[in-house]
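Input: a single structure, listed below in structure tokens.
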Number of protein chains: 2
Amino acid sequence: MQRQKVTLKDVGREAGVTIGTVSAIVRGSRDRIFYSDETRDRVLAVVAKLGYRVNPAARSLREGKTRTIGVMLDDITLPFLASLICAVGKALEPHGYSILLCNMDAAGAARESLLQTFARGHIDAFMLAGALTRLTDEDILAVQQRGHRVVLLERPAPSPVIASVGVDNQAGGHLAAAKLLARGCRRLVMLGGPAGNAMSQLRIAGALATCRAAGLPAAALTVLESGGWTTALGYESMHRHLAAGHRPDAVFACNDQLAIGAMWALTAHQLAIPDAVAVIGFDDSPMAAFAHPPLTTVRQPVAAMGAAAAELLIAPATADHAGQRHFPPELIERQTT
Amino acid sequence: MQRQKVTLKDVGREAGVTIGTVSAIVRGSRDRIFYSDETRDRVLAVVAKLGYRVNPAARSLREGKTRTIGVMLDDITLPFLASLICAVGKALEPHGYSILLCNMDAAGAARESLLQTFARGHIDAFMLAGALTRLTDEDILAVQQRGHRVVLLERPAPSPVIASVGVDNQAGGHLAAAKLLARGCRRLVMLGGPAGNAMSQLRIAGALATCRAAGLPAAALTVLESGGWTTALGYESMHRHLAAGHRPDAVFACNDQLAIGAMWALTAHQLAIPDAVAVIGFDDSPMAAFAHPPLTTVRQPVAAMGAAAAELLIAPATADHAGQRHFPPELIERQTT
DNA sequence: TTGTAAGCGTTATCAT
DNA sequence: ATGATAACGCTTACAA
């Protein structure tokens, strides 16, 4: 931006009032009480006529906050994370907040970049989305202790002091397994994401518990780690499993991409979906409905989660017990079960 | 951020100099010339000791620029756009610039949101990535005429005054078609993206021209519009085509997702890749190498393009002839040809 | 009900 | 080679 074209002073001069008056009226605070309708209307008219916009740098400098949320993620390519970011952005917008993107790839060593971005002071609060394995729990706690608000998405909070929002992953696993069992499936494959991923592990744990409770023998249950979240890896893992001669009658994948990749492999092996093998994904990302056949999946309530995250992000600093919001997942039945 | 902990004044006091001195030394300008090594070292030591960081709001207010680039896109889920954004971010970082995300979905009517984001003054320049169909060429020109820098990615510039960066799409189409022809393919399917998408049309036009030049009859060439850029749509279009009884011996898809979807359909129809049907994608997005089999594709030089975009974004305002950078694509041969 | 003025942390333009 | 000081545009006590 080049130097501001229209400032409070301009508006004030044109309307015949001082900048303090304009400032107060523009923000809408106090106006009803302290200013005459006459003045208010006149000022607002000039604001509209001149096209005045507040200068955020000046406001930030004065208020000591930037109305900007820093979002860090290690892979913006993951559809679920991307839609979560969008949801957060949507919830943030009415409050005048924007999203500053910080891609981990771009930013050298994790710790450095996290602290440096904070140091830049550009940011009021931080949203960490995804596993962000290059960031230790200690790093996160350290940032929080420096007095910065931190909200975690798709990563378990390392301590009750750290705010987080997510679904109840175990419940999601339960939902999927219960449906598969009800359908009569008895040889289940659990398709996990990156090695050691917490979300993945919880979802699988939930499904496993449900299967055991239903009396399925351990031999009927196999857990596959695909090493990532992509369609390609889902295909690979499933293909390898099938090529080794295994014949499951159901697959529960820890996200929709993996599920769709698995479906690809099943189809390639002439296994009909859902007749020979039923498939359930996780997330209900946009592509789930357009898969072929449309994918049954465990939905995460993205909009609600985004709104909750936004709320935590901009809430006034309430001492030490951060909000930990867990949303209930929902089974969306389509045509793969 | 809460009120700054360490300011120039603090450093100055501690080092026994004035803030002007500290400011100049910190920025590194003039220091060698105007300041004694002794003072400089002492100041820098204090800066390090106290952990001083410049306050960007104050700097913005003073300098009249924010060192922030606004990035608008209509779908951050598209892998190629996402990686382009990352590349731009990476190129921007050494210059101290950040990326402010503006998702079109979140932002109501396009024109409104574009202008309003500008109005917020938060931004030095704007990067428009993707087709952004809700934004007319007039909207873009209007913004540019208001004195704001605009750079287009994956959308043709509506006028020479607007900067843009992209690949030579026709050349890419040529590369793909030439490879397919050289392989002996004679019945080609061109799999396009969203209806009317300019990138898609250019790529297909390039391929078509090459085929015609090679003497292929029009009847051997079929163009399919899949209506989007996703794997699912690629599958759908290809599946429909095959189900209708057609038997091409090659597919050129306008991005890698479409190509992979098409491969899925081909596999489902028992058509071996590449023996029965060869496939070429576009972009060389990360998943191309992990497709099964690994996908031959036309690579866009993402890093170079990102760097070029960053350069245009932060270059000083050079009157009216904006840079239009077109990069040469490159054929990456893997195992689908 | 409105005006006045003191900063917020920087940068840049003088002096010294 | 360094020190003062005036902006930058805004918010917020406090005065009137």
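First the proteins, then the strands, lettered A, B, ... as listed; each starts at 1. Predicted model only: the values in this text are computed from it and were never measured.
With rounding to whole Å, A/D37 atom CG is found 9 Å from C/dT1 atom P. Atom OH in B/Y52 sits roughly 7 Å away from atom C1' in C/dT10 (whole-Å rounding). B/R67 has its CZ atom 9 Å from the P atom of C/dT11, to the nearest Å. Here D/dC10 presents its P atom at 17 Å from NZ of A/K65, a figure rounded to the nearest Å. B/I25 places its CD1 atom 13 Å from the C1' atom of D/dG3, with the value rounded to the nearest Å. Atom NZ in B/K9 sits roughly 7 Å away from atom P in C/dG9 (whole-Å rounding). Between B/L8 atom CG and D/dG3 atom C1' the separation is 14 Å, expressed in whole Å. Computed from coordinates, the A/D41 CG to C/dT1 C1' distance equals 15 Å when rounded to whole Å.
Phosphate contact (OP1/OP2 of C/dG3, side-chain N/O of A/T21, threshold under 4.0 Å): present. OP1 or OP2 of C/dT11 sits under 4.0 Å from a side-chain N or O of B/S23. OP1 or OP2 of C/dT2 has at least one side-chain nitrogen or oxygen of A/S36 nearer than 4.0 Å. For A/T18, a side-chain nitrogen or oxygen approaches OP1 or OP2 of C/dG3 to under 4.0 Å. For B/R27 and C/dT11, the shortest distance from a side-chain N or O to OP1 or OP2 is below 4.0 Å.
A salt bridge is absent between B/D37 and B/R42; no separation between the charged side-chain nitrogens and carboxylate oxygens falls under 4.0 Å.
Proximity note for A/Y35 (side chain, C-beta onward) versus C/dT11, C/dT2, D/dG3: the nearest is C/dT2. With distances taken from any side-chain atom of B/L61 to the nucleotides D/dG3, C/dG9, C/dT11, the minimum falls on C/dG9.
For the pair A/Q324 (side chain) and A/I162 (backbone), a donor-acceptor distance under 3.5 Å is present. In this structure, the side chain of B/S60 engages the main chain of B/P56 through a donor-acceptor pair within 3.5 Å.
No contact: A/G12 has no heavy atom under 4.0 Å from any strand.
Side-chain N/O atoms of B/R62 and base N/O atoms of C/dT11 include a donor-acceptor pair closer than 3.5 Å.
Across A/Y35 and A/G20, no two heavy atoms sit closer than the pair OH-O, 4.3 Å. Contact detail for B/L81 and B/A129: the closest heavy-atom pair is CD1-O, 3.9 Å.
When the salt bridge (Lys or Arg N to Asp or Glu O under 4.0 Å) test is applied to A/R325, no partner is found at least two apart in sequence or on another chain.
Taking five base pairs at each end of the helix from C/dT1-D/dA16 to C/dT16-D/dA1 and finding the rotation axis that steps the C1' atoms of four pairs onto the next four gives two axes whose angle is 40°, to the nearest 10°.
For the residue pair B/S23 and B/R27, a side-chain donor N or O sits within less than 3.5 Å of a side-chain acceptor on the partner.
Across the interface with DNA chain C, nearest-nucleotide mapping of B/R59 and A/T39 shows A/T39 to be the residue nearer the 5′ end.
One finds the CE atom of A/M127 at 11.0 Å from the CG atom of A/L312 (value rounded to the nearest 0.5 Å).
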